[in-house]
Structures are given as structure tokens and as C-alpha cells.
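Working notes for the structure below.
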Amino acid sequence: MANEDWRKQRMLLDMTTYLPDENLTKVDRESMRFSLEARCPLLDYRIVDFSMKIPFQYKYNNGVKKYILKDILYDYVPKEMMERSKIGFSIPIYKWLRTTLNSELKQYFEKDFVENQGLFKYDSLIKFLSDFTRKEQISSTQIMWSYFVFQRWYKQYLV
């Protein structure tokens, strides 16, 4: 019973923080951005109230999350669709930095720009750009994206 109480507390925490502060906020922003009306039917208060009354083993059973929901959906949705890995909504930063944003990115590596700014070592930046251009690595993409966003911010607000 203590284990179930911990899980219920965690679910409540997610429902009151992560869901509204992360997931729903992102859905709301993106749907408004494209003038779309988005709905979350499983968040209807009657469904949420009902789900809080369901015993935990129907929500999480033998490592299967959303057990009862999946069991019902198998009647309507092919099982292969329900059991596949999640597919995220990541943005194609790697592709953008090499295509549509590439000419702007290269401006931030010009010797005069870097030396006039006085924040980075030119030789180190050129080595990093060369490494980034030659190989696809998540870590270097994230660093490059951070550098790019910083430079855009710097150019807009400090120059």
C-alpha cells in the first residue's frame, strides 16, 4: 500500500506541475502559433476524476503503463501502433544549422566578428566549426545551437 501511495503522489505531482507547465504549455503555444484548436479529451474533468478512482494495478500492470487504456484501445487501434516506441517532436536543429541557418551561422565565425566581440578564441571556434562540419554528434550540435542562439541574442541586444 505504501508503494501505491508513493505512485499516486507522483502522479498527482505530474498532473499539477509537469502537465500544465510543460506539456500543455507547449501544445497551447504551437497550436496558437498555427491558429489551430487543440483538445485534450482525456483531460476532461470527468475522465480525470474517474481515473483517480481506478485501482493502480489497472494503470500500471507488469511494467505496462496506461494498462486499462491500452487494453480498451486494442479493440480500435492496431496493437503494433500502441506498442511502438514513442516518437518525439524534436526540432531538426542539426539540419537547420547546415542548411537554412548556415549562412547566418558562418557570419558568427568570421575572424573580424569574433575578434571585435572579444568573447571567444578564434582558433578554438574554427576548430569547433570544422569538427561540427565533419561529423554528426548530438553534443556538438547542442553546443553549436547554444553558440548560435547566444550570438543572435548578442547581436540584437548588445550591438
Side-chain angles (χ1 to χ4, degrees), residues 1-102 104-105 108 119-120 124-125 127-129 131-158:
M1 185 65 173
N3 195 23
E4 188 172 321
D5 288 342
W6 175 86
R7 290 176 177 173
K8 283 181 182 178
Q9 291 297 322
R10 177 56 198 241
M11 288 171 57
L12 285 170
L13 180 64
D14 280 352
M15 192 168 61
T16 58
T17 59
Y18 182 67
L19 186 64
D21 296 342
E22 294 288 328
N23 294 51
L24 295 176
T25 300
K26 291 174 184 176
V27 168
D28 192 42
R29 282 186 193 145
E30 289 305 302
S31 62
M32 286 190 298
R33 180 176 173 212
F34 294 101
S35 300
L36 295 173
E37 192 66 36
R39 295 282 186 255
C40 302
L42 296 178
L43 292 179
D44 181 280
Y45 73 94
R46 293 165 289 211
I47 294 174
V48 172
D49 286 346
F50 176 72
S51 73
M52 297 306 275
K53 296 172 187 168
I54 296 172
F56 195 79
Q57 68 265 20
Y58 293 117
K59 298 173 190 175
Y60 190 84
N61 189 316
N62 293 326
V64 177
K65 296 176 184 175
K66 304 174 190 166
Y67 177 77
I68 195 170
L69 180 62
K70 288 179 181 178
D71 192 44
I72 294 167
L73 282 175
Y74 288 150
D75 292 339
Y76 305 97
V77 179
K79 197 170 186 173
E80 307 82 56
M81 292 282 289
M82 295 300 299
E83 293 182 353
R84 69 180 186 190
S85 298
K86 287 185 175 183
I87 301 170
F89 297 104
S90 60
I91 58 174
I93 295 172
Y94 178 80
K95 181 179 178 184
W96 289 347
L97 291 173
R98 285 173 165 67
T99 57
T100 56
L101 298 176
N102 193 261
E104 183 180 355
L105 176 65
Y108 302 132
L119 297 174
F120 299 95
S124 298
L125 281 179
K127 181 181 180 330
F128 180 69
L129 178 62
D131 290 346
F132 175 75
T133 305
R134 279 187 285 122
K135 53 190 167 187
E136 180 179 348
Q137 290 182 345
I138 299 294
S139 59
S140 64
T141 299
Q142 293 301 329
I143 295 168
M144 186 62 79
W145 180 251
S146 297
Y147 177 75
F148 176 78
V149 170
F150 169 77
Q151 292 297 6
R152 287 189 93 189
W153 172 83
Y154 184 91
K155 187 176 179 181
Q156 183 169 347
Y157 294 105
L158 297 181

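Residue indices begin at 1 and follow the sequence shown.
To the nearest 0.5 Å, atoms CE (Met144) and CG (Leu105) are separated by 5.5 Å. Of the inter-residue distances, the one linking Tyr45 atom OH with Phe50 atom CZ reads 15.0 Å to the nearest 0.5 angstrom. Taking CG from Leu125 and CG from Leu129, the interatomic distance works out to 8.5 Å, rounded to the nearest 0.5 Å. The CD atom of Glu22 lies 10.5 Å from the CG atom of Leu24; values are rounded to the nearest 0.5 Å. Interatomic distance, Arg98 CZ to Ile93 CD1, rounded to the nearest 0.5 Å: 12.0 Å. Of the inter-residue distances, the one linking Phe56 atom CZ with Trp6 atom CH2 reads 8.0 Å to the nearest 0.5 angstrom.
The shortest side-chain heavy-atom distance between Trp96 and Thr141 does not fall under the 4.5 Å cut-off. At least one side-chain heavy atom of Leu19 sits less than 4.5 Å from a side-chain heavy atom of Leu43. The shortest distance between side-chain heavy atoms of Leu42 and Leu69 falls below 4.5 Å. Counting only heavy atoms from C-beta outward, the side chains of Asp71 and Tyr58 never approach each other to under 4.5 Å. The side-chain heavy atoms of Lys59 and Ile68, taken from C-beta on, include no pair separated by under 4.5 Å.
Judged purely by atom type and a 3.5 angstrom limit, Asn61 has no side-chain atom pairing as donor or acceptor with the backbone of Tyr67. Of the possible polar contacts, one joining the Thr25 side chain to the Pro20 backbone as a donor-acceptor pair under 3.5 Å is found.
For Tyr147 and Phe128, the distance between ring centers is not under 6.0 angstrom.
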Could you walk me through whether Val48 and Met15 satisfy the side chain to side chain contact (heavy atoms under 4.5 Å, CB included) test, starting with their C-alpha distance in whole Å, then the side-chain angles of each, then the deciding distance to 0.1 Å, before giving a yes or no? CA-CA 10 Å; Val48 172; Met15 192 168 61; 3.8 Å; yes
With side chain to side chain contact (heavy atoms under 4.5 Å, CB included) as the test, would you mind laying out the steps for Ile143 and Phe132 before giving the verdict? CA-CA 10 Å; Ile143 295 168; Phe132 175 75; over 6 Å; no
Do Trp145 and Phe150 pass the side chain to side chain contact (heavy atoms under 4.5 Å, CB included) test, and can you show the C-alpha distance, the side-chain angles, and the key distance before you say yes or no? CA-CA 8 Å; Trp145 180 251; Phe150 169 77; over 6 Å; no
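Arg152 forms no cation-pi arrangement with Tyr108, by the criterion of a distance under 6.0 Å to the ring centre and an angle within 45° of the ring axis. Note that Lys79 lies in the cation-pi zone of Tyr74, set by a 6.0 Å cut-off to the ring centre and a 45° limit from the axis.
The number of heavy-atom neighbours closer than 6.0 Å to CG of Asp75, taken from other residues, nucleotides and ligands shown, is above 12. Sparse packing is recorded around OH of Tyr18, with 12 or fewer heavy atoms of other residues, nucleotides or ligands lying under 6.0 Å away. Within 6.0 Å of atom NZ in Lys66, 12 or fewer heavy atoms from other residues, nucleotides or ligands are found, so the atom counts as exposed in its surroundings.
In this structure, Asp49 does not pair ionically with Lys53, as no charged nitrogen and carboxylate oxygen lie closer than 4.0 Å.
Summarising the geometry of Ile47 relative to Pro41, their closest heavy-atom pair is CD1-O, 3.4 Å, with the distance given to 0.1 Å.
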